[in-house]
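Order of the sequence lines sets the chain letters (A, B, ...), proteins ahead of strands, with each chain counted from 1.
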2 protein chains.
Amino acid sequence: MTTKLRREDILAAVEDAGHRLTGSRRAIFELLEGMEGGFSAEEINLALGGVGRATVYRTLRLLIKEGLLCKLFSDEGSPKYTVAKFGHHHHTICVSCGKVGEFRDSSVERLLKAVSADIEGTIVGHNLELYVNCSECIS
Amino acid sequence: MTTKLRREDILAAVEDAGHRLTGSRRAIFELLEGMEGGFSAEEINLALGGVGRATVYRTLRLLIKEGLLCKLFSDEGSPKYTVAKFGHHHHTICVSCGKVGEFRDSSVERLLKAVSADIEGTIVGHNLELYVNCSECIS
DNA sequence: CTACTGATTGAGACACAGTATCATGACAAC
DNA sequence: GTTGTCATGATACTGTGTCTCAATCAGTAG
């Protein structure tokens with residue numbers, strides 16, 4: 001299951017949301033297009049010498065707000081950003097190599113209905129992460 | 001569903017794991033005993049003037065390793081620590097007031113079995129967070 | 001094309017959470 | 001009590017991200 005993000009998808013989404021298409025943003029989008037799995041903000045910074053650090057973080061935050069990226073925190077290591085090809089999805093994180101995957105499962109939604117009876121309050125969202133040993137780390 | 005942590009539980013667990021019961025640790029344990037919901041490391045620091053910052057963080061890390069605390073990251077605000085009365089559980093986080101709750105549900109485990117077919121790799125753990133509007137924030 | 005205007009930028013200072021270092025002090029086993 | 005080692009506290013440091021602000025740019029209206 002590949003989870004690449006196409007540049008034109010980003011451009012359209014960002015423009016539709018009323019944001020300007022600047023050179024720095026285009027450069028970041030172009031870089032993200034080839035990204036797969038999780039990456040850190042600093043990787044983007046290093047790869048794009050001409051773009052300011054603040055701009056990189058601002059743009060990542062923008063893309064998260066528009067639902068094109070996710071941010072994953074982990075107890076170990078730095079936060080990871082991942083592309084969000086599917087509108088709604090969940091993540092697998094390899095506990096050995098840190099690689100991030102993405103999956104979608106409708107039974108999660110069914111689960112929530114079942115759980116909601118035990119919860120005081122109303123559920124407005126959720127986050128499910130699976131910690132795995134990925135196929136490469138097993139072999 | 002109250003999720004208080006009793007001091008004697010902590011003392012036993014920490015001693016069993018071969019750690020020393022120092023004055024600073026006792027002070028932190030005593031404070032945690034009354035804690036409910038999520039709290040930040042800095043709250044502990046402020047409440048315990050005599051204990052060094054590093055020691056507070058070291059002790060929180062220790063308790064996480066021994067399974068007595070959980071650490072929750074959120075997109076907004078600082079990381080929250082929560083007591084883990086149940087061995088395994090999940091969290092509810094109020095998107096309005098930030099209050100953290102805890103629940104247990106066996107259907108989550110059933111869900112994982114169903115999902116595991118779609119995942120490449122073997123599942124070794126998971127994390128489920130529900131974002132809610134808590135009963136106080138609704139009313 | 002030109003001018004306008006507010007969004008965006010880059011540089012650097014800053015904020016915050018947490019860790020590393022290391023000399024000093026405390027725990028607990030004997 | 002003595003002793004070995006684990007833990008502490010002060011402080012410096014790292015890493016991740018935000019704030020500030022003057023300068024610049026993108027998109028639009030004329």
Side-chain angles (χ1 to χ4, degrees), chain A residues 7 10-32 38-66 68-82 98 100, chain B residues 7 10-32 38-66 68-82 98 100:
Chain A
R7 203 186 330 175
I10 310 182
L11 291 175
V14 168
E15 205 161 25
D16 287 355
H19 304 292
R20 292 184 179 172
L21 294 178
T22 67
S24 295
R25 283 179 181 166
R26 284 173 194 276
I28 295 172
F29 298 164
E30 186 166 358
L31 189 60
L32 290 180
F39 51 89
S40 68
E42 217 52 31
E43 288 178 54
I44 307 291
N45 276 315
L46 289 174
L48 296 173
V51 180
R53 238 168 58 88
T55 298
V56 169
Y57 280 103
R58 277 189 289 240
T59 304
L60 292 178
R61 184 152 33 104
L62 176 74
L63 291 176
I64 290 170
K65 208 186 67 180
E66 300 304 336
L68 296 163
L69 285 185
C70 289
K71 186 175 180 179
L72 291 178
F73 301 91
S74 64
D75 293 15
E76 292 285 309
S78 57
K80 290 278 182 293
Y81 297 83
T82 71
V100 175
Chain B
R7 204 187 329 176
I10 309 182
L11 290 176
V14 167
E15 207 161 23
D16 287 355
H19 304 291
R20 291 183 180 172
L21 294 178
T22 67
S24 295
R25 283 181 181 166
R26 282 173 196 277
I28 294 172
F29 298 163
E30 186 165 357
L31 188 62
L32 290 181
F39 51 91
S40 68
E42 217 53 31
E43 287 178 54
I44 307 291
N45 276 316
L46 290 173
L48 296 173
V51 179
R53 237 168 62 87
T55 298
V56 168
Y57 279 103
R58 277 189 288 242
T59 304
L60 292 178
R61 187 154 29 106
L62 177 73
L63 292 175
I64 291 170
K65 208 185 69 179
E66 300 303 337
L68 295 164
L69 286 186
C70 290
K71 186 175 181 180
L72 291 177
F73 300 92
S74 64
D75 293 15
E76 291 286 309
S78 56
K80 291 278 182 293
Y81 296 83
T82 71
V100 175

Which nucleotide, D:dG9, D:dG17, C:dA11, lies nearest any side-chain atom of A:Ala54? C:dA11
Working to the nearest 0.5 angstrom, can you tell me the gap between B:Thr82 OG1 and B:Leu72 CG? 5.0 Å
Test log, rule side-chain contact (heavy atoms from CB on, under 4.5 Å), inputs A:Phe29 and A:Leu68: CA-CA 11 Å; A:Phe29 298 164; A:Leu68 296 163; over 6 Å; no
Atom-pair distance (CD1 on A:Ile28; C1' on C:dT9), nearest Å: 11 Å
Considering just the side-chain nitrogens and oxygens of A:Ser24, establish if one lies under 4.0 Å of OP1 or OP2 belonging to C:dG10. yes
In whole Å, what is the span from the OH atom of A:Tyr57 to the C1' atom of C:dT8? 19 Å
Would you name the heavy atoms of A:Ser40 and A:Lys80 that are closest together and state the gap between them? N-CD, 4.4 Å
Once you round it to whole Å, what is the distance between P of D:dG17 and CD1 of A:Ile44? 12 Å
Test side-chain contact (heavy atoms from CB on, under 4.5 Å) on B:Glu43 and B:Leu46 and set out the steps. CA-CA 5 Å; B:Glu43 287 178 54; B:Leu46 290 173; 5.9 Å; no
Tell me if the side-chain of A:Arg53 makes a donor-acceptor pair with the base of D:dG17, cut-off 3.5 Å, by modelled atom types. yes
Phosphate oxygens OP1/OP2 of D:dT16: is one of them under 4.0 Å from a side-chain N or O of A:Ser40? no
Does a side-chain N or O of B:Tyr81 approach OP1 or OP2 of C:dG18 to a distance below 4.0 Å, or not? yes
Base, sugar-phosphate, or nothing for B:Arg25, non-hydrogen atoms under 4.0 angstrom? sugar-phosphate
Compare every heavy atom of A:Gly52 with every heavy atom of A:Asn45, then report the nearest pair and how far apart it is. OD1-O, 4.2 Å
With sugar-phosphate taken as primed atoms, P, OP1 and OP2 and all else as base, the protein-contact string of nucleotides 24-30 of chain C at under 4.0 Å (heavy atoms; B, S, -) is --BBS--
Is any side-chain nitrogen or oxygen of A:Ser78 closer than 4.0 Å to OP1 or OP2 of D:dG15? no
Let's see if you can work this out: which of C:dT8, C:dG10, D:dG17 has an atom nearest to the side-chain heavy atoms of A:Lys71? D:dG17
Could you check how far CG of A:Asn45 sits from P of D:dT14, rounded to whole Å? 18 Å
Given side chains that start at C-beta, do those of A:Ile28 and A:Arg25 come closer than 4.5 Å, heavy atoms only? no
Could you tell me whether A:Phe73 contacts a base, only the sugar-phosphate backbone, or nothing, with contacts defined as non-hydrogen atoms closer than 4.0 Å? nothing
4.5 Å side-chain heavy-atom contact, A:Leu32 and A:Leu63: yes
From CD of A:Glu43 over to P of D:dG17, roughly how many Å is that when rounded to an integer? 12 Å
Is A:Arg58 side chain donor-acceptor paired with the D:dG17 base, going by distance under 3.5 Å alone? no
When all nucleic acid strands are considered with a 4.0 Å heavy-atom cut-off, which category describes B:Gly50: base, sugar-phosphate, or nothing? sugar-phosphate
Quickly work out the A:Arg61 CZ to C:dT9 P distance and round it to whole Å. 11 Å
For atom CD of B:Glu42 and atom P of C:dA17, their distance in whole Å: 6 Å
Any A:Ile44 side-chain heavy atom under 4.5 Å of A:Thr59 side chain: no
Within this structure, what is the CG-to-P distance between A:Leu60 and C:dT9, rounded to whole angstrom? 12 Å
